[in-house]
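Before any comments, here is the structure.
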Amino acid sequence: MSSVQEEKQGLLGIVDAIGRFPREAFSTWWDIIGMISIALTASKDIFKPSQRPIFWELFKDQLYETGVRAVYINGMIGMFIGALMMARLFAYFPKQVLSTQYAYLFVVVVVRELGPLISGIILIARSATAVTSKIGNLRVRREFQVLHGMGINPVFLYLVPVFFAFPISLCLMLIYFDFICILSAFAVIWYSDPDVSFLPFLSSILEQISLNEIGINAVKAILGGMLIGVISIHFGAKATDSFEDISEAISNSTTTQLMAFFLLNVVLSLLAYTQ
Amino acid sequence: MTLSISNLTIEYPNASVFVGIDLEVAPNELVAVRSEVLDGGTSLLKGIAGFLNGVQGRVLLQGINLLDNPPTEVIYRIGYVYEALGLVSLFNVRENIALPLQFHSKLTHEEIDARVVAVGERFGLNESIYRMKPHELNDVQTRLVNLARALVVRPLLLLVDELEGGMSDAYLRDTIDAIREHQQQYPMPVIMTTMSDEIFNRADRVYRIEDRNLVQGAA
């Protein structure tokens with residue numbers, strides 16, 4: 001091979017390497033959009049009387065695993081963050097400023113931003129990785145082929161319950177997180193000033209939470225939950241022949257979920273809260 | 001409900017496995033295909049069931065070509081017994097056996113349960129096995145649960161892939177008897193790939209795989 005040809009090959013290799021990332025990213029997102037559409041199409045089978053009980057059982061199991069059993073970890077992290085935040089506010093702000101502003105600060109920092117972000121991260125770490133691993137194992141064990149052989153759409157059994165359970169779970173996790181944060185923040189205040197009572201503290205925070213905050217958090221939870229669920233299944237389903245594919249799928253899935261979820265949160269916060 | 005296979009050709013991207021198979025199996029017949037290791041026995045059954053890509057020809061059952069996107073009412077009544085695995089790990093044994101009926105039929109929960117118990121009893125499945133998850137079963141139990149799930153739908157066609165592994169001759173005889181009884185009650189063509197003389201002895205016809213086709217006779 002002449003040196004000119006070698007140089008051409010080298011250049012093509014570099015162009016190919018540069019182009020590969022956007023090409024793969026585009027293809028992944030195209031697949032994910034396709035899966036959302038497949039999940040919505042398969043969702044109409046929920047209304048078939050013979051299939052509804054199967055969906056309902058799987059949905060309940062998924063919701064319990066993802067949304068209910070997350071109480072402990074969400075509560076613990078919410079407790080640490082609520083206490084830490086209030087302790088830092090006490091350290092940095094004069095008491096007069098704090099007594100009028102703590103509710104606003106709490107809502108801006110915890111309810112608007114930290115609650116959705118940390119709940120999403122917990123959902124990704126605790127449940128989405130488990131779903132990716134489960135789907136990867138099912139693929140390697142050829143269980144999708146078994147289901148096809150019985151005329152059963154695997155999307156209905158595996159994707160649809162996750163597609164609905166993840167957003168609801170994320171809503172629940174947000175509620176636990178905010179509630180425990182409020183409790184632990186109060187505990188810190190009460191420790192510093194035992195005359196403070198809980199109800200005025202709570203009502204001053206609730207007064208700061210507008211319908212806008214509730215709406216944006218609901219949108220973050222619903223879109224975020226759906227995205228996390230679909231991405232976890234997309235990467236799990238890419239595993240084919242070996243168990244090594246599953247570890248790679250979990251790694252790629254987690255990276256994509258984190259990027260997608262953070263991006264979604266930033267965009268929605270900017271759109272909703274920029275004056 | 002005769003199964004009529006004509007000019008069946010199964011090809012993978014890098015290999016041609018079967019070329020031009022013609023076979024007819026009556027609803028009361030059991031056909032055994034002698035299948036050695038890696039000679040394509042599993043591909044034959046999966047090809048007939050319509051599970052594979054790259055299959056040409058015709059597999060007619062009730063006038064419907066199984067290779068041409070048959071309706072769901074037909075797909076779920078093709079009983080396929082896998083040599084290994086084949087169960088859905090999401091569900092326990094009882095739910096696995098009931099799954100195709102629960103998903104596709106209009107039977108009540110009680111009617112489905114009665115069918116599951118009736119078929120399961122014949123293969124020695126009991127309450128403790130019904131509660132097990134697929135990973136808790138041994139190979140023989142897994143195949144028996146596969147068989148129970150295939151029979152519970154009263155299949156139009158039964159395809160069984162190497163049932164005998166790990167079974168004693170007596171146990172295998174009893175299992176074949178159960179399939180035969182079921183066939184008498186609910187006629188269906190049966191094709192089994194096997195290396196077992198017990199099955200050859202009980203089959204109506206025996207074939208072997210030779211030159212990418214089926215040749216009558218086990219030897």
Side-chain angles (χ1 to χ4, degrees), chain A residues 41-66 127 130-162 165 232-233 236-237 239-241 243 246, chain B residues 42-43 45-53 66 69-92 94-109 111-112 133-135 142 145-146 149-150 152-153 155-159 161:
Chain A
T41 309
S43 299
K44 66 176 187 287
D45 289 347
I46 295 170
F47 300 105
K48 291 184 182 168
S50 62
Q51 298 178 19
R52 194 182 309 131
I54 300 174
F55 166 78
W56 183 238
E57 282 303 314
L58 295 172
F59 171 75
K60 273 193 305 186
D61 286 351
Q62 188 66 60
L63 191 62
Y64 175 72
E65 287 297 327
T66 313
S127 304
V131 168
T132 306
S133 165
K134 182 168 83 178
I135 298 295
N137 273 292
L138 297 177
R139 279 279 290 181
V140 171
R141 291 163 56 91
R142 304 270 188 274
E143 289 194 20
F144 289 178
Q145 193 188 54
V146 171
L147 288 168
H148 277 303
M150 291 189 284
I152 295 172
N153 183 1
V155 167
F156 182 77
L157 286 191
Y158 295 111
L159 178 55
V160 177
V162 168
S232 66
I233 288 182
T240 49
D241 294 322
F243 287 98
I246 299 171
Chain B
T42 302
S43 296
L45 295 184
K46 287 188 173 175
I48 292 170
F51 292 176
L52 300 179
N53 296 320
L66 301 185
N69 293 323
T72 310
E73 301 82 62
V74 173
I75 294 177
Y76 95 91
R77 291 188 66 195
I78 298 168
Y80 193 100
V81 180
Y82 294 81
E83 182 189 359
L85 305 173
L87 302 177
V88 182
S89 47
L90 204 58
F91 301 115
N92 67 22
R94 182 189 289 270
E95 290 162 341
N96 259 284
I97 298 173
L99 186 63
L101 279 182
Q102 205 181 345
F103 210 83
H104 295 298
S105 77
K106 290 182 174 140
L107 298 175
T108 64
H109 182 74
E111 288 167 326
I112 292 173
K133 286 280 195 164
H135 71 270
T142 302
V145 175
N146 262 285
R149 185 184 60 196
V152 85
V153 296
L156 305 169
L157 163 68
L158 181 65
L159 302 163
D161 193 6

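Convention: sequence-line order gives letters A, B, ...; per-chain numbering from 1.
- Interface remark: B:Thr72 contributes side-chain atoms only to the contact with chain A (heavy atom separation under 4.5 Å).
- The CZ atom of B:Phe51 sits 14.0 Å away from atom CZ of A:Arg142, with the distance rounded to the nearest 0.5 Å.
- Using a 4.5 Å heavy-atom cut-off against chain B, the contacting residues of residues 49-58 of chain A are A:Ser50, A:Gln51, A:Ile54, A:Leu58.
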Under 3.5 Å, side-chain donor or acceptor atoms of residues 97-104 of chain B against the rest of the protein: list the pairs with distances, not counting sequence neighbours.
{"from": "B:His104", "atom 1": "NE2", "to": "A:Met150", "atom 2": "O", "distance (Å)": "2.8"}
{"from": "B:His104", "atom 1": "NE2", "to": "A:Gly151", "atom 2": "O", "distance (Å)": "3.2"}

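- For a residue to count as touching a neighbouring chain, one of its non-hydrogen atoms must lie under 4.5 Å from one of that chain's; by this rule B:Arg77 does not touch chain A.
- Looking at B:Lys106, there are no atoms closer than 4.5 Å to chain A (heavy atoms on both sides), in backbone or side chain.
- For chain A, the option among B:Val153, B:Leu85, B:Val88 with the highest count of heavy-atom pairs below 4.5 Å is B:Val88.
- Interface check for chain A: of the options B:Leu107, B:Leu90, B:Ile78, the most heavy-atom pairs under 4.5 Å are formed by B:Leu90.
- Take A:Lys48 and apply the salt bridge (Lys or Arg N to Asp or Glu O under 4.0 Å) test, not counting sequence neighbours, and it matches A:Asp45.
- Listed in order of number, the residues of residues 131-139 of chain A that approach chain B to under 4.5 Å between heavy atoms are A:Lys134, A:Leu138.
- Of the two parts of A:Gln145, the backbone and the side chain both hold a non-hydrogen atom closer than 4.5 Å to a non-hydrogen atom of chain B.
- Atom OG of B:Ser89 and atom CZ of A:Arg141 lie 5.0 Å apart (nearest 0.5 Å).
- For chain A, the nearby part of B:Leu87 is the backbone; its heavy atoms alone come within less than 4.5 Å.
- For A:Phe156, the part lying near chain B is the side chain, with the backbone staying farther off; criterion is any non-hydrogen pair under 4.5 Å.
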